[in-house]
**Student:** 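Please see the structure below; I have some questions.
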4 protein chains.
Amino acid sequence: MRSENEADGQKKRSFIETARRAQIVACAIEVIAEVGYAQTSLALIAKRAGISKGVISYHFKGKDELIQQVVDEAFTSGDAFVRSRIEGQMTAAAMLRAYIEATVEFYRTHRAHMTVLLDIWSAFRHEDGRPKLDTTANEPEMAAVEEILRFGQLAGEFREFSTRVMAVTLKQAVDGVLTQMAAYPDLDFDAYTRELVTTFDLATRKER
Amino acid sequence: MRSENEADGQKKRSFIETARRAQIVACAIEVIAEVGYAQTSLALIAKRAGISKGVISYHFKGKDELIQQVVDEAFTSGDAFVRSRIEGQMTAAAMLRAYIEATVEFYRTHRAHMTVLLDIWSAFRHEDGRPKLDTTANEPEMAAVEEILRFGQLAGEFREFSTRVMAVTLKQAVDGVLTQMAAYPDLDFDAYTRELVTTFDLATRKER
Amino acid sequence: MRSENEADGQKKRSFIETARRAQIVACAIEVIAEVGYAQTSLALIAKRAGISKGVISYHFKGKDELIQQVVDEAFTSGDAFVRSRIEGQMTAAAMLRAYIEATVEFYRTHRAHMTVLLDIWSAFRHEDGRPKLDTTANEPEMAAVEEILRFGQLAGEFREFSTRVMAVTLKQAVDGVLTQMAAYPDLDFDAYTRELVTTFDLATRKER
Amino acid sequence: MRSENEADGQKKRSFIETARRAQIVACAIEVIAEVGYAQTSLALIAKRAGISKGVISYHFKGKDELIQQVVDEAFTSGDAFVRSRIEGQMTAAAMLRAYIEATVEFYRTHRAHMTVLLDIWSAFRHEDGRPKLDTTANEPEMAAVEEILRFGQLAGEFREFSTRVMAVTLKQAVDGVLTQMAAYPDLDFDAYTRELVTTFDLATRKER
DNA sequence: AATGAATGAGACTTCATTCAT
DNA sequence: TATGAATGAAGTCTCATTCAT
């Protein structure tokens, strides 16, 4: 079984295996996006991938490992993209704007990933019922945003506020795009982005 | 069977039955809050309530009707509370503040209800996979907030902005409290509230 | 409970109780005729009767006793009717004709009773799986028919044949009306009867 | 899951699967013959087959598909047998005799099949209560018999009668064997057959 | 590396029956 | 007598997982 290799250092994973894993994860995302996590069974994923159920069990220790992979994929893919867009900026305000714009753009282009993440969020739990995913999973992103905010305060661009609360609020505000885009397919992303940028500019900048 | 009464106009529901239904709904909320919707079974709810599985089937047509009841309970209870707190206010800014304060307070005092609602949200679906709950379920609340915002704009208190986007942002921002309170039990609600109030005051008011 | 009275001699059964039992049996027949024995539950019968499920358990020891009652009703009601029509006849051939005509007429006017009987027949069993109803339940009727046939043979009206086989065949032939009338609602009963009469006249009479 | 294959054209059914399905159908027939359709559960069938309950669900979409298979098996197996025996005959009377003899013989050698068919007949219904099996299921056989009868009339062998009624009567008469053989295990099939042949010869032939 | 087959636990639901009122 | 409430067993079905090939 694959799992052992992984356990003792996940060194060697053959090319073909990597490909299969990626394919299965991709199909899992599609299926979950369509029918929801609760209605998703390994059988459904296998059918979508055109393979037999057993293959999934062969490549993943169990359903949980597969889902974890789906989550990881959704998390890390966005992170890199957004970071790259922030890095070029000089002022805190510009960074904030870049964060908002990049995140919304990522959401727009990765609709399925995000839908799935949102869906798995509450359903994915340990055996005793404790959620495997909670706000702490957002800590890395949250920390990055707080850094920007603190930088702005130190630089005299931003007023005094709890960087924590502002970071959470910002994240939630941007996530609002997700909820709207699910319900209203022809959402005007650019307009939405501009509104958010203005709103948080006003909310953070130092009043004269 | 109970179901018939409900079908032909839910006329008379005996006192004892109302009580049982309420008890079962309450237990369902507790259980879902603890182990999550996905892991919640009728057996678990029955055990928690100290009754036999059959009783649930006797009082509710099926699992779906029970969950729907849980959702309704969570939705309507908050609505009335928040509305009553807004009504006394004269200015749009005061209404906004009241909305934020009341909602956070409700979240704080109804932690389980809200956790559950969040959890059920994505998992509760029709047989074909379509979510039974989506953004449209928030429309009533959203409309109320937009009304406040429009009123503020007309009255010259608020600047020009998309009331839609602002309303969504506001709702999301307040919901941020839910995510934080789940992860950090000793959250300072008052401080959090003050930050939000200030933030949205700055974000909405007309600049001089 | 009622059952005791019944056990020790079923002497006293109050007027109201007799009425209730009859009503319940009648409703049971209706329901079984409509949805089939397998799909018939006490709840359904109770609903049809406009009473609560408990009432049935109160008046009948259990489901089996109720069904037994239904069967008895169906059996005895027809028996008396047919016998009375045979008694007036003088020749065996006339008796045979009377038997056929009376039975078909009874079937036509008691469609539900017969449908139900047919349906219960195979489903009504002892706990170990042995049928409670089998051909032996028809023995009384069968015996009566055989008597007619033997009488015809002794009197020189009928040819030699196994009265047993002929009786079974006759009964089955008449029951054919049941199967046809279920599938073809506008069956011409009179024509059907005439055909049967002729057929069995030819089949039984002494050839010249 | 097996069901898909079947949906899109039942293309390839592996050897081992075909065998399992046949085994399960056979066991189902045995069980139903013993305890009756109503008391037959998937658990019972599985136990008889020495397999786990899930296997049945794996090979059949549901209980209904299994039962349908049982019915089909019972229906088609007899049909072919009887037809082959009729085909060699030249006169209508000989065909009739062949039909009776072949059918009785089939009943004798396929006791369980027939018992089961009789039992399922009334109990196998659609969700709304409509029987899945009714007289129309016998139409093919009925039509074949009527054809013989009409042929006899045209050829001047048979008298005038309703071929419909005679066909039904004939079928019912032969089915009488089923009822008798269930109740009286040592039935003399040959004698019974001879009686039927004579009876219907007299009933159909043209009188001189 | 993959597959088909099988398993067994657990979920929801139905139902005859019992019981206190 | 009648009722509503409750019970617990049994039934069907789904599903993640395991295993021989």
Side-chain angles (χ1 to χ4, degrees), chain A residues 1-2 14 16-17 19-20 39-46 50-64 66, chain B residues 1-3 5 12-17 19-20 38-46 49-64 66, chain C residues 1-2 14 16-17 19-20 39-46 49-66, chain D residues 1-3 5 12-17 19-20 38-46 49-64 66:
Chain A
M1 233 181 288
R2 232 44 314 354
S14 83
I16 188 164
E17 172 161 15
R20 260 277 185 267
Q39 272 78 6
T40 297
S41 66
L42 293 191
L44 227 50
I45 297 173
I51 58 180
S52 102
K53 256 186 309 179
V55 185
I56 298 180
S57 297
Y58 180 76
H59 287 288
F60 296 90
K61 197 184 315 201
K63 194 188 190 188
D64 277 16
L66 169 56
Chain B
M1 236 176 290
R2 253 335 17 25
S3 47
N5 280 4
K12 43 205 159 191
R13 189 114 73 195
S14 80
F15 173 70
I16 186 162
E17 172 163 16
R20 259 278 183 266
Q39 272 78 7
T40 296
S41 67
L42 294 190
L44 227 49
I45 297 173
I51 57 181
S52 108
K53 252 187 315 178
V55 183
I56 299 179
S57 296
Y58 177 75
H59 288 287
F60 297 89
K61 200 187 314 221
K63 194 189 190 188
D64 276 17
L66 171 56
Chain C
M1 233 181 290
R2 224 66 287 0
S14 82
I16 187 164
E17 172 161 14
R20 259 277 186 265
Q39 271 80 6
T40 297
S41 65
L42 294 191
L44 227 48
I45 298 173
I51 58 179
S52 105
K53 255 184 310 179
V55 184
I56 298 179
S57 297
Y58 179 77
H59 287 287
F60 298 88
K61 197 184 316 201
K63 195 191 189 185
D64 277 15
E65 195 197 325
L66 169 56
Chain D
M1 237 176 291
R2 255 327 28 24
S3 48
N5 281 4
K12 43 205 159 193
R13 186 116 71 197
S14 82
F15 172 71
I16 185 162
E17 173 163 15
R20 259 276 184 269
Q39 272 79 7
T40 296
S41 67
L42 294 189
L44 227 48
I45 297 173
I51 58 181
S52 108
K53 255 185 311 178
V55 183
I56 299 179
S57 295
Y58 178 75
H59 288 286
F60 297 89
K61 203 189 310 226
K63 195 191 188 185
D64 275 17
L66 170 56

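We use all heavy atoms of the structure for the numbers below, so side chains are in, but hydrogens, waters and symmetry mates are not. In what follows, chains are A, B, ... by sequence order, proteins preceding strands, each numbered from 1.
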**Student:** Given side chains that start at C-beta, do those of B/Arg20 and B/Ile51 come closer than 4.5 Å, heavy atoms only?
**Tutor:**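 Yes, side chains in contact.
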**Student:** What is the distance, rounded to the nearest whole Å, between atom CZ of D/Phe60 and atom P of F/dC13?
**Tutor:**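 Rounding to the nearest Å, CZ of D/Phe60 and P of F/dC13 are 12 Å apart.
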**Student:** Mind checking whether A/Lys61 and A/Leu66 have side chains closer than 4.5 Å, heavy atoms only?
**Tutor:**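 The answer is no; the side chains never approach within 4.5 Å.
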**Student:** Heavy atoms only: give me the nearest A/Ala43-A/Lys53 pair and the separation to one decimal.
**Tutor:**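 Reported closest heavy-atom pair: CA-CG, 3.7 Å.
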**Student:** What is the distance from CZ of B/Phe15 to C1' of F/dG4, rounded to the nearest Å?
**Tutor:**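 So the two atoms are 15 Å apart, to the nearest Å.
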**Student:** So which protein nitrogen or oxygen atoms get under 3.5 Å of nucleotides 6-8 of chain E's nitrogens or oxygens?
**Tutor:**
unit_1 : atom_1 : unit_2  : atom_2 : d
E/dA6  : OP1    : D/Arg20 : NE     : 2.6
E/dA6  : OP1    : D/Arg20 : NH2    : 2.9
E/dA6  : OP2    : D/Arg20 : NE     : 3.4
E/dA6  : OP2    : D/His59 : NE2    : 2.6
E/dT7  : OP2    : D/Ser52 : N      : 3.0

**Student:** Considering just the side-chain nitrogens and oxygens of B/Ser41, establish if one lies under 4.0 Å of OP1 or OP2 belonging to E/dG10.
**Tutor:**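 For E/dG10, neither OP1 nor OP2 has a side-chain N or O of B/Ser41 closer than 4.0 Å.
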**Student:** Choosing from E/dG4, E/dA16, E/dT13, which nucleotide comes nearest the side chain of D/Ser14?
**Tutor:**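 Comparing E/dG4, E/dA16, E/dT13 against the side chain of D/Ser14, the answer is E/dG4.
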**Student:** How do A/Gly62 and D/Gly62 order along DNA chain F: which one's closest nucleotide is nearer the 5' end?
**Tutor:**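 Here D/Gly62 is the residue nearer the 5' end.
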**Student:** For F/dT21, give its Watson-Crick or G-U wobble partner with both distances under 3.5 Å, or none.
**Tutor:**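 Answer to the pairing question: E/dA2, which forms a Watson-Crick or G-U pair with F/dT21.
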**Student:** Atom CZ of D/Arg13 to atom C1' of E/dG4: distance rounded to whole Å?
**Tutor:**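 Going from D/Arg13 (CZ) to E/dG4 (C1'), I get 14 Å.
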**Student:** Ignoring hydrogens, what is the shortest heavy-atom contact between C/Lys63 and C/Leu42? Give both atom names and the distance.
**Tutor:**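 Shortest heavy-atom contact: CG-CD2, 3.9 Å.
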**Student:** Quickly work out the D/Leu42 CG to E/dC12 P distance and round it to whole Å.
**Tutor:**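 Nearest whole value for this atom pair: 19 Å.
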**Student:** Just name whichever nucleotide pairs with F/dA10, Watson-Crick or G-U, keeping both distances under 3.5 Å, else none.
**Tutor:**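 Pairing partner: E/dT13.
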**Student:** Could you tell me how far apart A/Asp64 (CG) and F/dC15 (C1') are, to the nearest whole angstrom?
**Tutor:**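 Between C1' of F/dC15 and CG of A/Asp64: 14 Å.
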**Student:** What is the separation between atom CG on C/Leu44 and atom C1' on E/dA16, rounded to the nearest whole Å?
**Tutor:**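 Checked: the CG to C1' distance equals 14 Å.
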**Student:** For the CD1 atom of C/Ile56 and the CD atom of C/Glu65, what is their distance to the nearest 0.5 Å?
**Tutor:**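 The CD1 atom of C/Ile56 sits 12.0 Å away from the CD atom of C/Glu65.
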**Student:** Could you check how far CD1 of D/Ile56 sits from C1' of E/dA5, rounded to whole Å?
**Tutor:**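 My rounded result for the distance is 14 Å.
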**Student:** May I have the distance from A/Lys63 (atom NZ) to F/dC15 (atom C1'), rounded to whole angstrom?
**Tutor:**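 In whole Å, F/dC15 C1' lies 8 Å from A/Lys63 NZ.
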